[in-house]
Undergrad: 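To start, I am sharing the structure in question, which I have written as structure tokens.
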Amino acid sequence: MPELPEVETFRRYLLQGETGSPSILGKKIKDADLLWERTLAAPSPADFKDRIRGQFVTGVGRRGKNLLIRLSWDTLIIHLRMSGELVVEEKTNPPGKHYRLILNFTDKYRLAFNNIRKFGRVWLVEDPVQVIGNLGPEPLADDFTPELFHQILQKHSRQLKYFLLDQEMIAGLGNIYTDEALYRAKLHPAKKTNSVNSSETQRLWLSIREVLQEGIENQGSSIDWMYQGGDYQKYLSVYNLEGKPCKYCKTPIKRIKIAQRSTYFCPTCQPLPE
DNA sequence: ACGAGCGCCTGTCGGC
DNA sequence: TGCCGACAGGCGCTCG
């Protein structure tokens, strides 16, 4: 499910809390229940439980789609993959059917990793670089400039859709926001990166930042049963809209497969040259 | 270097 | 009603 805006929404939820659930900042971890072993990428379950006990939550960050929960002397990295979500609640609540990892705090609250499809992964590491070290630039950061983006695009000869989904090229985009950004920039998803000129680069750079920012402002997208709580699905222009008229030219939105993913675009506004 | 295909999982939806 | 295939906000792995 989650792409950068949804992960950012979870980050803010953990940090600020909301009505009925507090911030996790400053809480002390009493112990951990690992309910699906493969959730844990590293270290071993025994080491994990031993090391995490007694640590305090000192911060909650994000890098691409990874959540970084800073602890006293380690960092807990959570990747939600397709169907993960995080819940802060009282320990007395009945646990969800798909809880895979629970961190019990020393007070009456816990942090639960709910993950229907079991794809999500968690790491407990001293240095996050070993997990997130290969990620591309953070698209909303100040150092992600159009010039830098242009350089990366020109270094490769790949279809834009493949390129944008590759977290080592740029971190945080997934299937929804990639299609939305390409549509807004009027670029065909199969166009090659090194054929993108500088004004197209500028457009795509801006489109990426706009769709991500708008996603964050609306607490992400809630397309189906997987994730509820966001509103940005109301504002999507192409994703999941096969056959619907393009809002600019009324041409029916087309769906094709690229990178084994459904890819939505307007054949008129996003032509493939030659 | 690039991209296709598959596996990992559970659940929903539409067609017959 | 039940069954079956297609599909789902991700990503790592192979192979050509």
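Naming convention: chains lettered A, B, ... in sequence-line order (proteins, then strands); numbering from 1 in each chain.
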Undergrad: Please check the phosphate of dA1(B) (OP1 and OP2 only) for any side-chain N or O of Y162(A) closer than 4.0 Å.
TA: no

Undergrad: Which string of ( ) [ ] | and . matches DNA chain B, if you list each base 5' to 3' and count Watson-Crick or G-U pairs only when both distances are under 3.5 Å?
TA: .|||||||.|||||||

Undergrad: Counting only side-chain nitrogens and oxygens, does H79(A) get under 4.0 Å of the OP1 or OP2 atom of dG10(C)?
TA: no

Undergrad: On DNA chain B, does the nearest nucleotide to S157(A) precede the nearest nucleotide to Q260(A) from the 5' side, or the other way round? Give the residue.
TA: S157(A)

Undergrad: Please tabulate, for side-chain N and O atoms in residues 21-35 of chain A, each donor-acceptor pair with protein atoms closer than 3.5 Å (sequence neighbours left out).
TA:
unit_1: S23(A); atom_1: OG; unit_2: L15(A); atom_2: O; d: 2.6
unit_1: S23(A); atom_1: OG; unit_2: L25(A); atom_2: N; d: 3.0
unit_1: K27(A); atom_1: NZ; unit_2: D107(A); atom_2: OD2; d: 2.5
unit_1: D31(A); atom_1: OD1; unit_2: N104(A); atom_2: ND2; d: 2.9
unit_1: D33(A); atom_1: OD2; unit_2: N104(A); atom_2: ND2; d: 3.2

Undergrad: Please give, in whole Å, the distance from dA1(B) P to L153(A) CG?
TA: 17 Å

Undergrad: Where the side chain of R158(A) is concerned, which of dC2(B), dG10(C), dC11(C) is the nearest nucleotide?
TA: dC2(B)

Undergrad: Distance-only check: which donor-acceptor pairs under 3.5 Å involve side-chain atoms of residues 121-133 of chain A, not counting sequence neighbours?
TA:
unit_1: R121(A); atom_1: NE; unit_2: R38(A); atom_2: O; d: 3.2
unit_1: R121(A); atom_1: NH1; unit_2: R38(A); atom_2: O; d: 3.2
unit_1: R121(A); atom_1: NH1; unit_2: K118(A); atom_2: O; d: 3.2
unit_1: R121(A); atom_1: NH1; unit_2: F119(A); atom_2: O; d: 3.4
unit_1: D127(A); atom_1: OD1; unit_2: V129(A); atom_2: N; d: 3.1

Undergrad: With the threshold set at under 4.0 Å for non-hydrogen atoms, list the residues of residues 177-187 of chain A touching DNA chain C in residue-number order.
TA: none

Undergrad: Counting only side-chain heavy atoms from C-beta out, which of dG3(B), dG12(C), dC8(B) sits nearest to K192(A)?
TA: dG3(B)

Undergrad: Which of these nucleotides, dC9(B), dC11(C), dG3(B), is closest to any side-chain atom of Q159(A)?
TA: dG3(B)

Undergrad: Of the listed nucleotides (dG10(C), dC7(C), dG3(B)), which one gets closest to any side-chain atom of F119(A)?
TA: dG10(C)

Undergrad: For every nucleotide of nucleotides 10-15 of chain B, 5' to 3': is a protein heavy atom under 4.0 Å from its base (B), only from its sugar-phosphate (S), or from neither (-)?
TA: BSS---

Undergrad: What pairs with N175(A) under side-chain hydrogen bond (donor to acceptor under 3.5 Å, both in side chains), at least two apart in sequence or on another chain?
TA: K161(A)

Undergrad: Determine the contact category for K257(A): base if any of its heavy atoms lies under 4.0 Å from a base atom, sugar-phosphate if only primed atoms, P, OP1 or OP2 are that close, otherwise nothing.
TA: sugar-phosphate

Undergrad: Quick check for you: among dA8(C), dG10(C), dC8(B), whose closest atom lies nearest to any side-chain atom of S262(A)?
TA: dA8(C)

